[in-house]
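Positions are given from 1 along the sequence. Everything numeric in this text was worked out from a predicted model, so none of it was measured.
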Amino acid sequence: VIGVIKENDYQNLELDFNKGDKLLLYTDGMFEEFSESKEMYSEIKLYSIVNTNKHKDIHSLIKSIVHDLDLFRGKAPFHDDKTLIGIQKR
């Protein structure tokens with residue numbers, strides 16, 4: 001478990017990955033970023049860009065996410081640290 005919060009309940013989950021399946025792991029800094037007009041990027045925007053680009057290989061998907069976030073942020077300073085890890089089964 002990453003990012004454990006004591007008050008939350010957690011359970012084990014096993015998933016079978018098939019060829020081409022992808023897994024994205026990210027920190028809250030990926031969606032808690034602000035534009036120059038102080039609008040927050042949000043999880044909805046992150047999910048939308050992932051859904052729009054889900055057909056791409058994992059490297060291209062990550063590039064699309066980072067590009068969209070950079071366009072959204074514009075010249076606003078970074079608000080938080082960001083981590084984005086992508087895994088794709090071959």
Side-chain angles (χ1 to χ4, degrees):
V1 176
I2 300 172
V4 176
I5 299 172
K6 286 183 180 183
E7 295 78 28
N8 288 354
D9 291 324
Y10 297 95
Q11 56 184 303
N12 289 331
L13 176 66
E14 289 186 30
L15 300 172
D16 292 324
F17 277 75
N18 298 308
K19 184 178 180 177
D21 286 350
K22 300 172 191 85
L23 175 66
L24 288 173
L25 304 169
Y26 54 88
T27 59
D28 60 357
M30 289 302 298
F31 55 84
E32 291 180 349
E33 191 57 73
F34 293 89
S35 68
E36 293 175 77
S37 62
K38 307 291 186 218
E39 178 187 0
M40 189 164 69
Y41 189 71
S42 79
E43 284 181 274
I44 293 170
K45 287 183 180 161
L46 178 60
Y47 296 160
S48 177
I49 196 70
V50 168
N51 192 48
T52 299
N53 293 278
K54 65 184 175 187
H55 64 281
K56 295 181 178 180
D57 65 87
I58 196 68
H59 180 73
S60 298
L61 175 58
I62 288 172
K63 286 179 79 171
S64 295
I65 294 167
V66 171
H67 178 72
D68 191 66
L69 184 58
D70 285 344
L71 286 176
F72 175 82
R73 189 175 55 81
K75 295 181 182 181
F78 286 108
H79 175 73
D80 196 357
D81 62 296
K82 285 154 202 40
T83 301
L84 176 60
I85 300 170
I87 301 167
Q88 182 172 6
K89 185 166 182 180
R90 294 183 181 193

For residues 79-90, the salt bridge (charged side-chain N to carboxylate O under 4.0 Å, His left out) pairs (sequence neighbours left out) are Glu33-Lys82
Validation: residues 14-27 side-chain donor-acceptor distances under 3.5 Å, sequence neighbours left out:
| residue | atom | partner | partner atom | Å |
| --- | --- | --- | --- | --- |
| Asp21 | OD2 | Asn18 | N | 2.7 |
| Lys22 | NZ | Lys54 | O | 2.8 |
| Lys22 | NZ | Lys56 | O | 3.2 |
| Tyr26 | OH | Tyr47 | OH | 3.4 |
| Thr27 | OG1 | Thr83 | N | 3.0 |

Do side-chain atoms of Ser48 reach the backbone of Ile44 as a donor and acceptor pair under 3.5 angstrom?
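Checked: no pair found.
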Quick one: does any side-chain atom of Glu36 pair with a main-chain N or O of Gly74 as donor and acceptor, under 3.5 Å?
no
Any side-chain heavy-atom pair from [X] and [Y] closer than 4.5 angstrom?
X: Arg73; Y: Phe78; value: yes
X: Val50; Y: Ile65; value: yes
X: Gln88; Y: Leu61; value: no

Pairwise distance CG(Leu71) to CD1(Ile49) - rounded to 0.5 angstrom:
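CD1 of Ile49 is found 9.0 Å from CG of Leu71.
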Could you give the distance from CG (Asn53) to OG (Ser60), rounded to the nearest 0.5 Å?
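Here the interatomic distance stands at 9.0 Å.
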same_hphob_cluster(Phe31, Phe34) at 4.5 Å side-chain heavy-atom cutoff:
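Different clusters: Phe31 never reaches Phe34 through Ile, Leu, Val, Met, Phe, Trp or Tyr contacts under 4.5 Å.
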When you group the ILVMFWY residues by side-chain heavy-atom contacts below 4.5 Å and let the links chain together, are Phe72 and Val66 in the same group?
yes
With a cut-off of 6.0 Å (strictly less than), are more than 12 heavy atoms of other residues, nucleotides or ligands near NE2 of His55?
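Atom NE2 in His55 is packed in, count exceeds 12.
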Over all heavy atoms of both residues, which pair between Ile62 and Ile85 is shortest? Give the atoms and the distance, please.
CD1-C, 4.4 Å
